[in-house]
Chemist: 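Can you read through this structure? Questions will come right after.
In what follows, chains carry the letters A, B, and so on, assigned in the order in which the sequence lines appear, proteins first and then strands, with residues in each chain numbered from 1. Values in this document were obtained by computation on a predicted structure and should not be read as measured data.
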Amino acid sequence: MNIAKVIVDVPASSINQTFDYYIPDKFIDILEPGMRVIVPFGPRKIMGFVVGFVSESTFDKLKEIVDVLDITPVLTKELLELGKWVANETLSLSIIALQAMLPQVLKSTYKKELVKKTDLDLPVELEYLFAGRDIVPFEAFEQSNISYNKLQKVIQAGDVTIDYLVKSKITKKQITMVKPAKDSHLLEEALVDLSKAAKKQKQLVDFFIQKEEPIEQKRLLTILQTTTSTLKTLEEKGLIETYKQEVFRNPYNDDRFERTYPLELTDEQRGALNPIKESIEKEKHEVFLLHGVTGSGKTEVYLQAIQEVINKGKEAIVLVPEISLTPMMVRRFKGRFGSNVAVMHSALSAGEKYDEWRRIHQKEVKVVVGARSAVFAPFENLGIIIIDEEHETTYKQEDQPKYHARDVAIHRAENYNCPVILGSATPTLESYARATKNVYTLATLSKRTNDMPMPHVEIVDMRNELHVGNRTMFSRKLVEGMKERLKKNEQIVLLLNRRGYSTFVMCRDCGHVNECPHCDIALTYHKNSNRLKCHYCSYEENVPVNCPECSSDLIRYFGTGTQKVEEALTEIIPEATVIRMDVDTTRKKGSHEKILKQFAEKKADILLGTQMIAKGLDFGNVTLVGVLTADSMLHLPDFRSSEKTFQLLTQVSGRAGRHKLTGEVIVQTYTPEHYSIQLASVYNFSDFYKTEMAMRRKFRYPPYYFLALITISHENKVKVIQTSQKIVGLLMNKISQTTVVLGPTPSPIPRIKDRYRYQCMIKYRNEPQLRMYLNKIKEQFADEMRKENLLISIDMQPYHLM
DNA sequence: AGCACGCCGACT
DNA sequence: GTCGGCGTGCTC
């Protein structure tokens, strides 16, 4: 077994296979599958993952592994298997699947250097380039105007070589520690010798006489109110020593969290928890769908289930949507399990993420709370996986590998014979359908733990507002409600459901809309820079003064941004203070938290924001929630738009009246009769489920059918259409009778970055060979994809149909 | 992907 | 002859 099978770091379909390498003797005892290695690949050196060992290879001229990057495998055997499964399931490259399971810093970067190998002089230009050095970065050559032939000559002569370096960008944080260099009685002697003026030095020596342990330099300096110069002098005198020590960055100071204890469960909660406990106890894989209204105490069920898992010496993964990974959520888990919790989300720096990952890898924690990718946490004794807000679309990764965390979670849990909990107030139709068919076990929490009723929801027909001459974006009912709350010193949350809308510029005379010259999409108006920007490429331009079509100067801004709403709001209710929360105001790290804190401290009357305010907020003083445009995403070309609308309205309604005060919700809409708005307003999930299921069945959508979306793109429109038609033709020959292939049709955004985009949708019920067919099709076009820059992207079970 | 190699046309 | 551009095939 002296040959390693390696997946190399080259994301190309022709390289999507293992490569064999000899293992040098010095590595034979230490190398394990799951470790990263550096291997020669053609003329260069690249990183690769060892996935297995063999004693013979079909390939006869093997090279040797150059170096081993890890002491312990970064990928466990299970994760290697999982990677294979993910790659297969999502039709992505193995290397992409493996990289997705690790923190960014473990990715390798590559660098080339020119090395001078002779003492003799090179041709003048090259001598000038080296400028006396033996090694120069390759970029220096590229930036010079020396011809490649010149370089080639000296390389062929052996006077210069190209070194291909593999760099791992691991960053370990180090702190400086200080410790006494001598025994305390020797220090006491030294103390006498110090000059009287050296007050600080004396203090410092005295400090170490009292306490002989090492201390962090930064802390020492604050305690003694001195600077590094004092330390330096004493170090030179040989009384103290400083040294560097590696530390884990802890983005959360664990002492900060107040310890919490298990709460008494309601009957409903107990009813939900018991079968989960049983599944943990019997080590039986089972998926639980925990359908609980907002405020029904789902989290407490999670916490107690996790406690059970920890008691058994096992580990837990908790997935939450990125957006609700708020300090509040973290506090609940840290408060219960203390330093046993690692937290993984995008607001952490790359180094912090790596540290949290290492704490898991080194088995220092038992619980991970994190966003989508935390589903790959390198635990080896998993006892439960919990997915909170199961319906959130962020669980589906948009770029390669296009996996769904729910599927990965269930697959892993099967391996470990452990339960999965899917929790939501508004489960996806997919999950709920499985629960009704007893594939999943359903547990319902229908009551809020505080026994408060759900707030009353009032639907306001905005068409009537127009009829009576109200042209603002606030209905009379909403304005009245807000004024009333202000009088009572209560707070208000306003949701601007902006998805599908953005501010664009339109000419009122001829209706001309400024579009991106490279993408078929309207440019978005950005107020702070007063420019028009494209959201799909980097194009931007100034706002025109006159219409480029008809030269009219009647240019108007359309669509509604939070900024605009805020302005309108201050006009109507000038006495109200407003805090805005959207992508613009939360871009900076920690600003999310800051805004919520301000609002919690009642520094403002109204919190105005986009989707992100719909989740996880819990303010006792909020008694009115207003939804400005409930139907703005109802008309998007997405078969899930009704479901998404229902989910959003239900979620946001849960924000009002969380505590003692009763809440009210006002929903403004132009389509008040729509079932998703009607049923959300009376919290009727089961009727919504039935109605929507009937629609899905009729139009052959999930959960009745599975989907695969193929997107074809190329600079040449004709090429795209031809290729798309060819692909559909090929598919038609293979698929079964019940499978439907739609298209090819232009994508909802027909052109991005000067590339035309066509798509076809496959709807299927039972097509066990589909992945194989699709792979074959991709293979057939591999040549064209490479040579002509044709792109074929396949998304299994897509969420974004763009 | 990224690199080398080889062929070709253009330029001095 | 020398230079740069592009198509092609290979990577254990």
Chemist: With a 3.5 Å cut-off and no angle check, do the side chains of A:Glu390 and A:Thr428 form a donor-acceptor pair?
Modeler: yes
Chemist: Over all strands shown, is A:Lys787 touching base, sugar-phosphate only, or nothing at heavy-atom distances under 4.0 angstrom?
Modeler: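 If one applies the 4.0 Å heavy-atom cut-off, A:Lys787 turns out to touch the sugar-phosphate alone, with no base involved.
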Chemist: Remember a base hit wins even if backbone is also touched, and classify A:Tyr21 as base, sugar-phosphate or nothing at under 4.0 Å, heavy atoms.
Modeler: sugar-phosphate
Chemist: For the pair made of CE in A:Met785 and C1' in C:dT8, what is the distance, rounded to whole Å?
Modeler: 18 Å
Chemist: For A:Asn149 and C:dG5, what is the distance between atoms CG and P respectively, to the nearest whole Å?
Modeler: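 After rounding, the reported distance stands at 11 Å.
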Chemist: Base, sugar-phosphate alone, or nothing: which one does A:Tyr22 contact when heavy atoms must sit under 4.0 Å apart?
Modeler: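 If one applies the 4.0 Å heavy-atom cut-off, A:Tyr22 turns out to touch nothing in the nucleic acid.
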Chemist: Any side-chain donor-acceptor pair under 3.5 Å between A:Asp9 and A:Gln99?
Modeler: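 Their side chains do contain a donor-acceptor pair, which is all the 3.5 Å distance test asks for.
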Chemist: At under 4.0 Å between heavy atoms, what does A:Ser14 touch on the DNA or RNA strands: base, sugar-phosphate, or nothing?
Modeler: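 Result for A:Ser14 = base.
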Chemist: Check every strand shown and say whether A:Lys45 touches a base, only sugar-phosphate, or nothing at a heavy-atom separation below 4.0 Å.
Modeler: nothing
Chemist: Categorize A:Ile3 for me: base, sugar-phosphate, or nothing, with a 4.0 angstrom heavy-atom threshold over every strand shown.
Modeler: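 The residue A:Ile3 makes no contact with any strand.
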Chemist: Would you classify A:Lys150 as touching base, sugar-phosphate or nothing, given that sugar-phosphate means primed atoms plus P, OP1 and OP2, and contacts are heavy atoms under 4.0 Å?
Modeler: sugar-phosphate
Chemist: Can you tell me the distance, in whole Å, between the CZ atom of A:Phe41 and the P atom of C:dC10?
Modeler: 13 Å
Chemist: Against the six-membered ring of A:Tyr110, is A:Lys167 placed for a cation-pi contact (under 6.0 Å from the centre, within 45° of the normal)?
Modeler: no
Chemist: Take the protein atom CG of A:Leu151 and the nucleotide atom P of C:dG4, then report the distance between them rounded to whole Å.
Modeler: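 One finds 12 Å between P of C:dG4 and CG of A:Leu151, rounded.
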Chemist: Find the distance A:Asn16:CG to C:dT11:P and express it as a whole number of Å.
Modeler: 17 Å
Chemist: Base of B:dA1, side chain of A:Arg44 - is there a donor-acceptor contact under 3.5 Å?
Modeler: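 By the distance-only test, yes, there is a pair.
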Chemist: Rounding to an integer number of Å, can you tell me how far A:Asp9 CG sits from C:dC12 C1'?
Modeler: 16 Å
